[in-house]
Amino acid sequence: VDGRDPVEDYFRINKELAKYSEKLAAKRQILAANKIDLPLSADNVPRLKELAEREGLSFFGVSAATGEGLKELIAYLGQELPKIEDEPPTVYDVAKVYDADEDDDQVTITRNDAGDFIVANKNLHKLVAMTNFDNDEALRRFQYIWRLKGIDEQLKARGIKEGDTVHISDMEFTWQA
C-alpha cells in the first residue's frame, strides 16, 4: 500500500535485528505476509513465497481483515512453539536509552530565490522517501498526514497561492487549493 518492497523490508528488518542481537537474529523464523486480500498482494505474495523457500522459512499468507490463512498460521505456531527449548533470560550490562528528538515534528517553511515554498520536517522527509506517489492509496495516506500536521494551514498563512511550487525533500509539486 505504501510503495515499499516487502522483500527488501525482510532483509532490512533482519539486518536491524542482527545489529540489535546476533543471538536473536539466529533464531528460527517464519514468514507471514499480511493483507493478502488486497489487489496489490498478487504481485508480492509469489515473491515472498519464493523468498521463504530460498531462506528455508515456512510461509503463510494471511489477512487480518478477512481472517484468511490465520487458522493455518495459528495451528502451525501451536505445533511448533512447544518444540522451542526455554532459554535463561538475557541479562544486559548496558541499557540502551533512546531519546526522542523533539525537533522531529518541527515543520519549517521557507522560500527560495525563485519564490518556491520549501517544507522541511524530518518525519515528512522520511514519509516522502517511503511513499510511492504513483499509488493512489499511498498518495491519499501522504495527503492525510500532510493535513494532519497542519501544513496546508501553515502554507496558507505564509501566503501560498494556486499554482505556487512546493518542495519537500526531492519532491516538487504545484499547489492546488
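This one's a predicted model, so the numbers in the text were calculated from it and none came from an experiment. Along the sequence shown, residues are numbered consecutively beginning with 1.
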(request) Pick out which of I118, I160, I151 makes a side-chain contact (heavy atoms from CB on, under 4.5 Å) with V166. (result) I160

(message) Could you see if L57 belongs to whatever hydrophobic cluster contains I84? Use Ile, Leu, Val, Met, Phe, Trp, Tyr and a side-chain cutoff under 4.5 Å.
(response) no

(request) Give a yes or no on whether L124 and L139 share a hydrophobic cluster (residues Ile, Leu, Val, Met, Phe, Trp, Tyr; joining criterion: side-chain heavy atoms under 4.5 Å apart). (result) yes

(request) Identify whether the distance between the nearest side-chain nitrogen and carboxylate oxygen of R140 and E137 falls below 4.0 Å. (result) no

(message) Ignoring hydrogens, what is the shortest heavy-atom contact between S169 and V128? Give both atom names and the distance.
(response) CB-CG1, 4.0 Å

(message) Would you compute the distance between atom NZ of K156 and atom NZ of K161 and round it to the nearest 0.5 angstrom?
(response) 14.5 Å

(request) Would you confirm whether T66, through its side chain, and E68, through its main-chain N or O, come within 3.5 Å as a donor-acceptor pair? (result) yes

(request) List the atom of N44, the atom of P6, and the distance in Å for their closest heavy-atom pair. (result) CG-CG, 3.6 Å

(request) Grab the two heavy atoms, one from D5 and one from V7, that are nearest each other, plus how far apart they are. (result) OD1-N, 3.0 Å

(message) Please report the interatomic distance CD(E162) to OG1(T174), rounded to the nearest 0.5 Å.
(response) 9.5 Å

(request) Indicate the atoms forming the closest heavy-atom contact of T131 with A138, along with that distance. (result) CG2-O, 3.7 Å

(request) Working to the nearest 0.5 Å, report the span between CD of E80 and CG of L77. (result) 8.5 Å

(request) Could you tell me the separation between the CG atom of L148 and the CZ atom of R141, rounded to the nearest 0.5 Å? (result) 11.0 Å

(request) Determine whether H167 and T165 make a side-chain contact, defined as any pair of heavy atoms from C-beta on separated by less than 4.5 Å. (result) yes

(request) Locate the shortest heavy-atom distance separating G159 from F117; write the atom from each residue and the value. (result) C-CZ, 4.1 Å

(message) Can a donor-acceptor pair be found, under 3.5 Å and without considering hydrogens, that links the side chain of R158 to the backbone of I109?
(response) yes

(message) As a quick check of understanding, evaluate side chain to side chain contact (heavy atoms under 4.5 Å, CB included) for L31 and L51, giving each step before the final call.
(response) CA-CA 9 Å; L31 184 58; L51 169 67; 4.1 Å; yes

(message) Angle between ring planes, F133 versus F142, binned at 30° and 60°: parallel, tilted or perpendicular?
(response) perpendicular

(request) Might you point out which heavy atoms bring I36 and S41 nearest each other, and give the distance in Å? (result) O-OG, 2.9 Å

(request) Report the distance from atom CG of D43 to atom CG of L48, rounding to the nearest 0.5 Å. (result) 11.0 Å

(message) I'd like to know if E153 pairs up with R147 as an ion pair, taking the criterion as any Lys NZ or Arg NE/NH1/NH2 lying under 4.0 Å from an Asp or Glu carboxylate oxygen.
(response) no

(request) Would you give the length of the straight line joining atom CD of Q154 to atom CH2 of W146, rounded to the nearest 0.5 angstrom? (result) 9.5 Å

(message) With a sphere of 6.0 Å drawn around CD of Q143, does it hold more than 12 non-hydrogen atoms of other residues, nucleotides or ligands?
(response) yes

(request) Consider only side-chain heavy atoms of I, L, V, M, F, W and Y, link residues closer than 4.5 Å, and tell whether I74 and L81 are in one cluster. (result) no

(message) What I want to find out is whether K19 reaches E16 closely enough, with some N-O distance under 4.0 Å, to be called a salt bridge.
(response) yes

(message) Are there over 12 heavy-atom neighbours, none belonging to N112, within less than 6.0 Å of that residue's CG?
(response) yes

(message) N14 vs Q29, test: side chain to side chain contact (heavy atoms under 4.5 Å, CB included). Steps then yes/no.
(response) CA-CA 10 Å; N14 276 292; Q29 297 181 348; 2.6 Å; yes

(message) Side chains of L155 and V119, heavy atoms from C-beta outward: is any pair under 4.5 Å?
(response) yes

(request) Report whether F59 and F11 are members of the same hydrophobic cluster (ILVMFWY, side-chain heavy atoms less than 4.5 Å apart, transitive linking). (result) yes

(request) Check the hydrophobic clustering (I, L, V, M, F, W, Y; side-chain heavy atoms under 4.5 Å; chains of links allowed) and say if L17 and I30 are grouped together. (result) no

